[in-house]
Amino acid sequence: MSNEPILQVNHLLTQFHTDAGNVKAVNDVSFEIKNGQTVCLVGESGCGKSATAMSIMGLIDPASGEVSSGEIIFEGKDLLKMKKGDLRRARGNDFAMIFQEPMTSLNPVLTIGEQIIEPLMEHKALSKKQAKEKAIELIELVGIGRSREIYASYPHQLSGGMLQRIMIAIALSCDPKLLIADEPTTALDVTIQAQILDLLRTLKEERNMAMLLITHDLGVVAEVADYVIVMYAGKVIEHASVVELFANPKHPYTKGLLQAKPVINQRKEKLYTIPGQVPNLIELQPSCYFSDRCDQCMSICKEKNPLMKQLDNGHQVACWLYEQEVSV
Ligand SMILES: Nc1ncnc2c1ncn2[C@@H]1O[C@H](COP(=O)(O)OP(=O)(O)O)[C@@H](O)[C@H]1O
Ligand SMILES: [Mg+2]
């Protein structure tokens, strides 16, 4: 594994415009992903995980919002400065994304095969016949038998787990160097979740692909992550290797997440037991956004938002408890 970052996100600010005001969904977020690395992005619902992923993909709908500032450097080039056509080529070719709800990402009136060959013909300039052969291979690669029959089926004929496998096949069709997976198993049954995660992990290792995996499931993080980014209210509040984070969580929010017990058999949203709610992302106060819920809150926490501090072992945390450490 090379140590070069494949993706660097610097001071990203993504806002949505609503009648109530501007929602700072991604608020000065910085992180990097190295070649071949799996980085997990975790945090409660509404903290800006999907908005971060959509910003990287260039998929924020201009009707509702925009990336207002920052840099998204992929292999040395700022995606935010790329021409639309170049970005479209990069998306799919160099990086690809799979979503939470496979059904909504597939076109119900096209066969599975048609949807797999389309990017192959567009990005890889394959003939229809070549693309079909490659599509059959991909269907087999993601662990589905009867590949020719599946090729000719429509999305509604397949189960959720199968559809997510198809989405993975489409995402991998152009051999991306980075795969972004936004809660790819949340909509699936528990046993299928495990299979899909295993599949992603195996494919990632075989292809030495980097992966940004978004999840609110810390069990998944413990199993697959190299690095973990913890987000809260649009900000990164802690960033560490998975071993460091689990052994030595620093931020009171992260400690809370790690203590919060998942509800048995609750397969959709795991309930965290940290009291209180994420603040409104429209009227943010100049304070630590977690201060209202923090059991270690000090007076400074109510006055200023903490900067990111560099601790040992590459561990970073934005919390006033670590004020004596060096800012990054
Ligand atoms: N299209 C949109 N219009 C307005 N607000 C949005 C839109 N998409 C997301 N948001 C808001 O941005 C914040 C972050 O959302 P999101 O990135 O989807 O969170 P997560 O994926 O962590 O659950 C939330 O407050 C959400 O309500
Ligand atoms: Mg989301």
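Hydrogens, waters and symmetry mates are skipped; everything else that's a heavy atom, side chains included, is used. First listed ligand is number 1; within each ligand, the first listed atom is number 1.
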_So if I count the atoms of ligand 1 from 1 in the order they appear, which ones are less than 4.0 Å from some heavy atom of A51?_
17 (O)
*Does C47 come within less than 4.0 angstrom of ligand 1, counting non-hydrogen atoms of the residue?*
yes
_Salt bridge K34-D226, side-chain N to carboxylate O under 4.0 Å_ = no
_Is it the case that the side chains of R293 and Q277 hold a donor-acceptor pair, with the cut-off being a distance below 3.5 Å and no angle test?_
no
*According to the interplanar angle, ranging from 0 to 90°, do the rings of F74 and F95 count as parallel (below 30°), tilted (30 to 60°) or perpendicular (above 60°)?*
tilted
*Run down the list S55, G46, G234 and name the one with the heavy atom closest to atom 23 (O) of ligand 1.*
G46
*Should the ring pair H156 and Y154 be called parallel, tilted or perpendicular, given that the plane angle runs from 0 to 90° and is split at 30 and 60?*
parallel
*Which atoms from ligand 1 have a heavy atom of S45 less than 4.0 Å away?*
23 (O)
*Would you call D175 and R207 a salt bridge, taking side-chain N to carboxylate O under 4.0 Å as the test?*
yes
*Give yes if a backbone or side-chain nitrogen or oxygen of V23 is under 3.5 Å from a nitrogen or oxygen of ligand 1, and no if not.*
no
*Would you mind listing which atoms of ligand 1 come within a distance below 4.0 Å of any non-hydrogen atom of T18?*
4 (C)
*asked:* Are L203 and L141 packed together at the side-chain level, in the sense that at least one heavy-atom pair is separated by less than 4.5 angstrom?
replied: yes
*Please state whether G43 comes within less than 4.0 angstrom of ligand 1, counting heavy atoms only.*
no
*For A25, take its heavy atoms, then give the atoms of ligand 1 lying under 4.0 Å from any of them.*
12 (O), 13 (C), 14 (C)
*asked:* Between E323 and K309, does any side-chain N to carboxylate O distance fall below 4.0 Å?
replied: no
*Just jot down the ligand 1 atoms closer than 4.0 angstrom to any heavy atom of L281, in number order.*
13 (C), 25 (O)
*Rounded to the nearest 0.5 Å, how far apart are CG of L200 and CD of Q164?*
8.0 Å
*Report yes if F16 has an N/O atom closer than 3.5 Å to an N/O atom of ligand 1; otherwise report no.*
no
*Per-atom contacts of ligand 1 with S50, taking only distances under 4.0 Å to non-hydrogen atoms*: 17 (O), 18 (O), 20 (P), 21 (O)
_I'd like to check atom 13 (C) of ligand 1 in this structure: does the protein have a heavy atom lying under 4.0 Å from it?_
yes
*asked:* Tell me whether the Mg ion (ligand 2) has S50 as a neighbour, meaning an N, O or S atom of it below 2.8 Å.
replied: yes
*Is atom 27 (O) of ligand 1 close to the protein, meaning a heavy atom under 4.0 Å from it?*
no
_Does either side chain, that of E183 or that of T186, offer a donor lying less than 3.5 Å from an acceptor on the other one?_
yes
*Would you call E206 and K204 a salt bridge, using N to O less than 4.0 angstrom?*
no
*For ligand 1, which atoms sit closer than 4.0 Å to a heavy atom of S64?*
1 (N)
